[in-house]
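Any value given below was found using the heavy atoms of this structure, including those in side chains, with hydrogens, waters and symmetry copies removed. Source: prediction; values computed, not measured.
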Amino acid sequence: MKLAVLGAGGIVPDFLEAASKIPRAEICAIYGRESSRSRMLAYQAQYGIPHLYMDYGQLLEDRQVEGVYVALPNHLHHEFAKKALEAKKHAIIEKPFASNGRQARELVELAEKNGVFVFEAISNLYMPNYKKTRELVKGLGKVKIVQMNFSQYSSRYDKFKEGVVLPVFDPEQSGGALMDINVYNVHFILGLFGKPKRISYHANIERGIDTSGVLLLEYPGFQCVAVGAKDCQAPASISIQGEEGYLYSTHPANVYDGFSLGKGRGKTEDFAFNGGVPRLYHELMAFVGMVEGRDGGLFCKASRHSLDVMDVLDEARRQAGVAIGPING
């Protein structure tokens, strides 16, 4: 499958490294702004990317390009993915899927209409460790408490305090701790337990954006706490506690490189199945497999999950008074 990369931000090298390990995923082009030219040229040289585009329309006219990887700022995900789907090219979109649920649903419907696939690039759902977690959580008895903390102090927060607003802290660009970092926790939880019956978001708000926050997800019989922060930091942790055992990890939800199972008298068993491959390898393998196999079942399952996540993100931001982007945009 021949893919074009849109953007030159910090996630792009991770994606290119993953693609380099998958012979069926060929990166044939990269697109970006003039200000990113030097980085794109470096990526071209390192990964042997044949074409560089500064005009998105020209890229979409390239018949070699079968799909695009959208690694642009959050508020641009919908616009660029929509154009790709209209050109009948597949799209794998960095998290979050879109600025809001309305945009996300439009992309799914457009993909269905044009006979192509759209897919949210969320790393943890496709990792072998996560698949094993899905299996083992059934043996914990009744789940009672889920706690997740993914907090990383952002160098951009220092700029924000100085008055320089970069996309990650810009409410008009779908920024904030929930959309940037806690979204991994939301995907992790909903992937295991489905959509919660009730949520509440308690955020630290500065100049209209959540720089950190605590998201409570209520399920029948148990509670989940998802913490995400860009203005402070602490060791990452994932804990799922049931009446008959627990699962615990010290890895953040976007990496999830290993975890432990505890059951009875303090005995624990460790698991690490991800195989030492690049972090984005498994999600890209899933996307390529879905496209090549015309796997409508995976498309429906992944889309439904992403739309459920967007609904949670929308409601949380409404509660916190954070902008959720243009409803009709």
Side-chain angles (χ1 to χ4, degrees), residues 3-12 15 30-33 36 53 55-60 65-123 125 165-184 186-187 190 208-210 283 287 290-291 299-300 302-318 322-329:
L3 291 166
V5 171
L6 312 185
I11 194 67
V12 169
F15 186 83
I30 186 167
Y31 160 85
R33 299 177 300 180
S36 301
Y53 287 98
D55 184 308
Y56 190 42
Q58 289 181 357
L59 183 150
L60 293 177
V65 176
E66 299 174 83
V68 299
Y69 167 60
V70 184
L72 299 165
N74 295 348
H75 71 295
L76 298 177
H77 289 184
H78 171 261
E79 175 189 348
F80 280 79
K82 181 179 178 180
K83 289 178 180 178
L85 298 173
E86 288 173 337
K88 297 190 176 180
K89 299 183 187 296
H90 308 287
I92 177 170
I93 309 171
E94 256 311 315
K95 59 77 194 168
F97 198 23
S99 290
N100 54 58
R102 170 66 182 83
Q103 290 184 347
R105 284 175 170 80
E106 182 181 7
L107 294 179
V108 171
E109 291 169 4
L110 183 57
E112 291 173 338
K113 175 184 175 182
N114 286 347
V116 291
F117 292 112
V118 64
F119 185 86
E120 184 174 11
I122 184 72
S123 55
L125 295 185
V165 181
L166 297 170
V168 71
F169 289 115
D170 189 346
E172 298 303 317
Q173 297 191 55
S174 306
L178 180 68
M179 296 288 275
D180 184 65
I181 199 165
N182 212 357
V183 62
Y184 288 108
V186 177
H187 274 284
L190 267 64
I209 199 69
D210 55 322
E283 70 180 36
F287 175 66
M290 180 180 68
V291 171
F299 172 66
C300 289
S303 297
R304 185 165 55 248
H305 170 83
S306 289
L307 294 177
D308 285 348
V309 168
M310 286 307 313
D311 287 344
V312 169
L313 299 179
D314 283 0
E315 175 59 23
R317 286 178 293 160
R318 285 192 187 99
V322 176
I324 63 168
I327 298 300
N328 297 314

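- Side-chain contact check for Val116 versus Lys89: every heavy-atom pair is 4.5 Å or farther apart.
- Take Ala98 and apply the side-chain contact (heavy atoms from CB on, under 4.5 Å) test, not counting sequence neighbours, and it matches Gln103, Ala104.
- In terms of the ring pair (Phe, Tyr, Trp, His ring centres under 6.0 Å) criterion, His77 has no residue partners (sequence neighbours excluded).
- Remark: Asp180 pairs with Lys95, Lys230 by the salt bridge (Lys or Arg N to Asp or Glu O under 4.0 Å) rule, at least two apart or across chains.
- For the atom pair NE2 (His187) and OG (Ser306), the distance works out to 5.0 Å, reported to the nearest 0.5 Å.
- Sorted by first then second residue, the ring pair (Phe, Tyr, Trp, His ring centres under 6.0 Å) pairs that include residues 91-117, not counting sequence neighbours, are His90-Phe117, Phe117-Phe299.
- With sequence neighbours excluded, the residues satisfying side-chain contact (heavy atoms from CB on, under 4.5 Å) with Glu172 are Asp170.
- Rounded to the nearest 0.5 Å, atoms CD1 (Ile122) and CD1 (Ile93) are 12.5 Å apart.
- Considering only heavy atoms from C-beta on, Asp210 stays 4.5 Å or farther from Asn182 through its side chain.
- Inter-residue side-chain proximity for Leu107 and Lys82 is flagged as met; some heavy-atom pair is nearer than 4.5 Å.
- The nearest pair of heavy atoms linking Leu3 to Val68 is CD2-N, 4.1 Å.
- For Lys83, the salt bridge (Lys or Arg N to Asp or Glu O under 4.0 Å) criterion is met by Glu79, not counting sequence neighbours.
- For the pair Ile209 and Val165, the minimum side-chain heavy-atom distance is 4.5 Å or more.
- Checked against ring pair (Phe, Tyr, Trp, His ring centres under 6.0 Å), Phe15 has the following partners two or more places apart in sequence or in another chain: Tyr69.
- Not a single ring pair (Phe, Tyr, Trp, His ring centres under 6.0 Å) links His75 to another residue, sequence neighbours left out.
- Taking both residues in full, the closest heavy atoms of Pro96 and Leu313 are given as CB-CD1, 4.4 Å, listed atom of the first, atom of the second, then distance.
- Nearest heavy-atom pair, Gly7 versus Val12, reported as atom, atom and distance to 0.1 Å: O-CG2, 3.5 Å.
- To the nearest 0.5 Å, atom CD of residue Glu86 and atom CG of residue Asn114 are 7.5 Å apart.
- Taking CE of Met310 as the start and CG of Leu307 as the end, the distance is 8.5 Å to the nearest 0.5 Å.
- Using a 4.5 Å heavy-atom threshold, the side chains of His78 and Val70 count as separate.
- Residues that satisfy the side chain to side chain donor-acceptor pair (under 3.5 Å) test with Glu315, not counting sequence neighbours, are Gln319.
- Across all non-hydrogen atoms, the minimal contact from Asn100 to Ile324 is ND2-O, 2.9 Å.
- The CG atom of Leu72 sits 10.5 Å away from the CD atom of Glu94 when rounded to the nearest 0.5 Å.
- In this structure, Glu106 pairs ionically with Arg102, as a charged nitrogen and a carboxylate oxygen lie closer than 4.0 Å.
- Tyr56 meets the side chain to side chain donor-acceptor pair (under 3.5 Å) test with no other residue; sequence neighbours excluded.
- Listed by chain and number, the residues in a side chain to side chain donor-acceptor pair (under 3.5 Å) with Asp314 are Arg317 (sequence neighbours excluded).
- Under the rule for a side chain to side chain donor-acceptor pair (under 3.5 Å), the partners of Ser36 that lie at least two apart in sequence or sit in another chain are Arg39.
- Here the closest non-hydrogen pair linking Pro171 and Gly208 is CB-O, 3.7 Å.
- Here the side chains of His305 and Leu190 are in contact, with some heavy-atom distance below 4.5 Å.
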